[in-house]
J.: 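Sharing a structure below in C-alpha cells format, with a few things to ask.
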Amino acid sequence: MNEASPAPVETDPYLVEGWDARAPRPGLSKATRRRARLVAEALFTDDDGPPPPARLDWLETDLADFFGHLALRARFIFWICVTSTYVLAPLVFGRFTSFGRLPRSERVHALEAFERTPLSLALLGAKAILSIVYFEHPDAARAIGWDQGCKRP
C-alpha cells in the first residue's frame, strides 16, 4: 500500500520539537526596544544607507524575545547600556537633545564620537548584543558572507 507522504509544513522557527521556544512576554519595555532600534539603525547604517525597516522590526521583536528568556540583571545591564548611549551620545556630539530627535546621519556621527570617549563601555555592551541578534537575520548574515553554519575543514 503506497501512502503519499504528507506535504511539508511550514513551521514556526520558535517551535522546537513540539514546544514553543518564545518567551512568555517581551523582556524589554517598549521604550527600551525603541531606543535599541534607533541605536541599531545608526550602528548598521553603511554606504548603502540604513538597514531595511523590516529587518529592524525583526531585530526589535527578536531582541525582546531574547531578553524575555534572561534574568532581570541581564535585562537591567542592557537597559543601562542602551539608555546611557541614548542620553550621552548626543551630548558628547555637542547636541542637547535626545538621540531619537537627531537625524539618522547625526546619530551615526554621535555614536562615532561617543565610541572615542571613556564612556564608550556602555556602547560596547549594547553593540555586542545588538550585533549578535542583528546578524542572526538571514539577509544580514548573507550580506557578510556567513552561512550560519560552523566552520568546516
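In what follows, residues are counted from 1 in the order of the sequence shown.
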J.: Would you be so kind as to tabulate the donor-acceptor pairs closer than 3.5 Å made by side chains of residues 38-49, with sequence neighbours excluded?
T.:
{"residue": "E41", "atom": "OE1", "partner": "R107", "partner atom": "NH2", "Å": "2.4"}
{"residue": "T45", "atom": "OG1", "partner": "E41", "partner atom": "O", "Å": "2.5"}
{"residue": "D46", "atom": "OD1", "partner": "D48", "partner atom": "N", "Å": "2.9"}
{"residue": "D46", "atom": "OD1", "partner": "G49", "partner atom": "N", "Å": "3.3"}

J.: Is there a path of hydrophobic side-chain contacts, each under 4.5 Å between heavy atoms of I/L/V/M/F/W/Y residues, joining F96 to F99?
T.: yes
J.: Residues in side-chain contact (heavy atoms from CB on, under 4.5 Å) with E60, at least two apart?
T.: R33, R37
J.: Please table the atom pairs, donor to acceptor, closer than 3.5 Å between any side-chain atom in residues 67-92 and protein atoms at least two apart or in another chain.
T.:
{"residue": "H69", "atom": "NE2", "partner": "A21", "partner atom": "O", "Å": "2.9"}
{"residue": "H69", "atom": "NE2", "partner": "A23", "partner atom": "N", "Å": "3.3"}
{"residue": "W79", "atom": "NE1", "partner": "T83", "partner atom": "OG1", "Å": "3.3"}
{"residue": "T83", "atom": "OG1", "partner": "R35", "partner atom": "NH1", "Å": "3.3"}
{"residue": "T83", "atom": "OG1", "partner": "W79", "partner atom": "O", "Å": "2.9"}
{"residue": "S84", "atom": "OG", "partner": "I80", "partner atom": "O", "Å": "2.7"}
{"residue": "T85", "atom": "OG1", "partner": "C81", "partner atom": "O", "Å": "2.9"}
{"residue": "Y86", "atom": "OH", "partner": "G100", "partner atom": "N", "Å": "3.3"}

J.: Look at the side-chain heavy atoms of Ile, Leu, Val, Met, Phe, Trp and Tyr, link any pair under 4.5 Å apart, and say whether V108 and F114 land in one connected group.
T.: no
J.: Without placing hydrogens or testing angles, list every side-chain donor-acceptor pair under 3.5 Å for residues 120-131, not counting sequence neighbours.
T.:
{"residue": "S120", "atom": "OG", "partner": "T117", "partner atom": "O", "Å": "3.0"}
{"residue": "K127", "atom": "NZ", "partner": "E115", "partner atom": "OE2", "Å": "2.7"}
{"residue": "S131", "atom": "OG", "partner": "K127", "partner atom": "O", "Å": "2.8"}

J.: Could you list the residues that satisfy salt bridge (Lys or Arg N to Asp or Glu O under 4.0 Å) with R95, not counting sequence neighbours?
T.: E106
J.: Can you list the residues that meet the side chain to side chain donor-acceptor pair (under 3.5 Å) rule with H109, with sequence neighbours excluded?
T.: E112
J.: Identify the two heavy atoms, one from A36 and one from L63, that lie closest to each other, and give their separation to 0.1 Å.
T.: CB-CD2, 3.7 Å
